[in-house]
Peer 1: 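Below are the structure tokens for one structure; questions will follow.
Residues take their numbers from the sequence shown, with the count starting at 1. When a ligand or atom number is given, it counts from 1 through the structure's own listing order.
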Amino acid sequence: MKTITIANQKGGVAKTTTALCIANGLQEVGYNVLMIDLDPQCNTTTTYQAQTEDTNTLYDLLHKKCTVQESIQKTESGDIIAGDKNLAGIEGEFASQLKNYSLLKKALEEVSDQYDFTIIDTPPNIGFYMTSALIASDGVVIPIKAEKFAIDGLAQIVSNIKDAQEAANEKLKIYGVLLTVYDKRTALDAIVHDQLPEIGEKEGFRVFDTSIRVCQQVKEAQSRQVRLFDEYPNCNAAVDYANLIKELLQEVKKG
Ligand SMILES: Nc1ncnc2c1ncn2[C@@H]1O[C@H](COP(=O)(O)OP(=O)(O)O)[C@@H](O)[C@H]1O
Ligand SMILES: [Mg+2]
């Protein structure tokens, strides 16, 4: 099993969209995928139409009130360990004990025979949940939007990943930085698109050749709670995410 975290401490950069499309896309090509929603906002959980009440969520798993198996919900979109709004309230309590940072990693080891991939969606901050995800993962995909301070923010997340590598997870890789909601007609987008590979070379991170184009159907799929690949398989974003998955699989294979 390979575990891939989608992370950026900024909100609205298409983390959740990317997590969903990567999970769906990997399922389409025949892989068994487990989704984990570490964001207390639970957007991925909602899209999977998974339950958060009267069922075991990530909250119960971290509190050892259930086994990993018992925390997995099987939905039409696939298997998921649901997020929980209560996760926000326990972050401080969990963060104060070092051993808690490897709870997620240990949980995933128990189901590693069952899945080819685990995809982790993370909240928009650097804290206990993101760090737990980095410790549990083989690699990270970092979505960014071409915004004024996007590049500055990138330095911070990259440095965080390097810290996790040094302190707890030597094998952790940056599979790539992914430019999302990309509109080549916009000057800033075009500049970021063109300069990103060079910045990556200097700062020590890879940039995906694929960018995800801005695409109205992403929002439509989201509001109708349908899968982009099912409903709009030929839209720009679906085509781009399909290419991303090919590129990602090559990176994963490199080990
Ligand atoms: N390729 C795209 N084209 C247009 N809108 C997009 C695209 N990707 C994401 N979005 C929209 O951007 C917003 C933020 O995306 P989301 O995946 O929720 O980001 P995050 O999880 O980083 O907060 C959502 O409204 C989503 O529909
Ligand atoms: Mg999100």
Side-chain angles (χ1 to χ4, degrees), residues 4-25 35-50 52 57-58 77 80-85 87-88 91 119-127 129-130 132-134 140-151 153-154 156-157 160-161 176-186 188-190 192-193 196 208-245 247-248:
I4 303 172
T5 283
I6 318 299
N8 186 329
Q9 74 280 11
K10 270 183 79 94
V13 296
K15 283 186 296 297
T16 297
T17 305
T18 299
L20 291 166
C21 286
I22 289 178
N24 291 171
M35 175 68 89
I36 300 186
D37 190 359
L38 282 192
D39 188 349
Q41 287 186 28
C42 299
N43 294 337
T44 303
T45 302
T46 308
T47 305
Y48 265 60
Q49 302 189 12
T52 57
T57 66
L58 190 69
S77 299
I80 182 167
I81 301 178
D84 191 316
K85 61 180 185 313
L87 287 168
E91 178 152 20
I119 307 298
I120 307 181
D121 188 20
T122 58
N125 57 64
I126 291 172
Y129 298 115
M130 193 198 285
S132 295
L134 295 179
V140 192
V141 173
I142 309 171
I144 72 159
K145 253 168 91 170
E147 292 167 329
K148 201 153 186 279
F149 299 110
I151 305 282
L154 201 49
Q156 201 186 345
I157 173 93
N160 228 252
I161 292 169
V177 169
L178 175 69
L179 188 59
T180 62
V181 206
Y182 168 52
D183 182 356
K184 68 169 186 238
R185 292 163 306 181
T186 306
L188 182 60
D189 284 36
V192 173
H193 178 266
L196 203 52
F208 283 107
D209 293 335
T210 312
S211 301
I212 312 297
R213 285 169 288 176
V214 64
C215 176
Q216 189 56 34
Q217 281 84 350
V218 172
K219 286 190 191 296
E220 275 165 38
Q222 197 181 26
S223 66
R224 292 176 53 205
Q225 296 203 344
V226 293
R227 287 149 54 123
L228 191 69
F229 285 120
D230 291 346
E231 291 292 310
Y232 308 104
N234 301 315
C235 73
N236 286 346
V239 170
D240 295 341
Y241 274 116
N243 284 329
L244 171 74
I245 284 159
E247 218 188 319
L248 178 63

Peer 1: Just one of V181, V218, D240 clears the side-chain contact (heavy atoms from CB on, under 4.5 Å) bar with R213, so which one?
Peer 2: D240

Peer 1: Which of the numbered atoms in ligand 1 are below 4.0 angstrom from a heavy atom of V13?
Peer 2: 19 (O), 20 (P), 22 (O)

Peer 1: In Å, rounded to the nearest 0.5 Å, how long is the span from CG of L179 to CG of D209?
Peer 2: 12.5 Å

Peer 1: Restricting to non-hydrogen atoms, name the atom on Y129 and the atom on L38 that form the minimum distance, rounded to 0.1 Å.
Peer 2: O-CD1, 3.2 Å

Peer 1: Identify the heavy atoms of R227 and S77 that sit nearest to each other, and give their distance.
Peer 2: NH1-O, 3.3 Å

Peer 1: Could you check atom 3 (N) of ligand 1 against the protein and tell me its nearest heavy-atom contact, residue, atom and distance included?
Peer 2: C215 N, 2.8 Å

Peer 1: Short N/O distance, under 3.5 Å, between A14 and ligand 1?
Peer 2: yes

Peer 1: Mind listing the closest non-hydrogen atom pair of A150 and I144 along with its distance?
Peer 2: CB-CD1, 4.3 Å

Peer 1: So that I can check it, does any N, O or S atom in T16 come closer than 2.8 Å to the Mg ion (ligand 2)?
Peer 2: yes

Peer 1: If you define the side chain from C-beta out and look only at heavy atoms, does anything of K10 sit under 4.5 Å from E147?
Peer 2: yes

Peer 1: Taking the side chain as every heavy atom from C-beta outward, state whether I81 and L58 have any pair of such atoms under 4.5 Å apart.
Peer 2: yes

Peer 1: Purely on distance, is any nitrogen or oxygen of T18 under 3.5 Å from one on ligand 1?
Peer 2: no

Peer 1: Measure the distances from the heavy atoms of T180 to every atom of ligand 1 and state whether one is below 4.0 angstrom.
Peer 2: no

Peer 1: Using heavy atoms and a threshold below 4.0 Å, how should the contact between K15 and ligand 1 be classified: side chain, backbone, both, or neither?
Peer 2: both

Peer 1: Is there a nitrogen or oxygen of T16 sitting under 3.5 Å from a nitrogen or oxygen of ligand 1?
Peer 2: yes

Peer 1: Is there a donor-acceptor contact under 3.5 Å linking the side chains of T44 and D121?
Peer 2: yes

Peer 1: What is the closest protein heavy atom to atom 10 (N) of ligand 1, and at what distance does it sit?
Peer 2: V218 CG1, 3.9 Å

Peer 1: I'd like to know if the side chain of T18 pairs up with that of Y241 as donor and acceptor (distance under 3.5 Å, no hydrogens or angles considered).
Peer 2: yes

Peer 1: Give the residue and atom name of whichever protein heavy atom lies nearest to atom 24 (C) of ligand 1, and the separation in Å to one decimal.
Peer 2: Q222 OE1, 3.7 Å

Peer 1: Does V214 reach ligand 1, in the sense of a heavy atom lying below 4.0 Å from it?
Peer 2: yes

Peer 1: Decide whether an N or O pair under 3.5 Å exists between D121 and ligand 1.
Peer 2: no

Peer 1: Say whether N43 and T16, considering side chains only, have a donor N or O and an acceptor N or O under 3.5 Å apart.
Peer 2: no

Peer 1: Going by the closest heavy atom to atom 23 (O) of ligand 1, which one wins out of G12, A238, C235?
Peer 2: G12

Peer 1: Is the closest heavy atom of Q216 to ligand 1 under 4.0 Å?
Peer 2: no

Peer 1: Tell me which protein heavy atom sits closest to atom 13 (C) of ligand 1, plus the residue, atom name and distance to 0.1 Å.
Peer 2: K219 NZ, 4.4 Å

Peer 1: Run the contact test for P124 against ligand 1 with a 4.0 Å cut-off on heavy atoms, strictly below, and give the result.
Peer 2: no

Peer 1: With no hydrogens and no angle check, do the side chains of T186 and D189 hold a donor and an acceptor under 3.5 Å apart?
Peer 2: no

Peer 1: Looking only at protein heavy atoms, which one is nearest to atom 1 (N) of ligand 1, and what is the separation?
Peer 2: R213 O, 3.0 Å

Peer 1: Tell me whether T17 has any N or O atom under 3.5 angstrom from an N or O of ligand 1.
Peer 2: yes

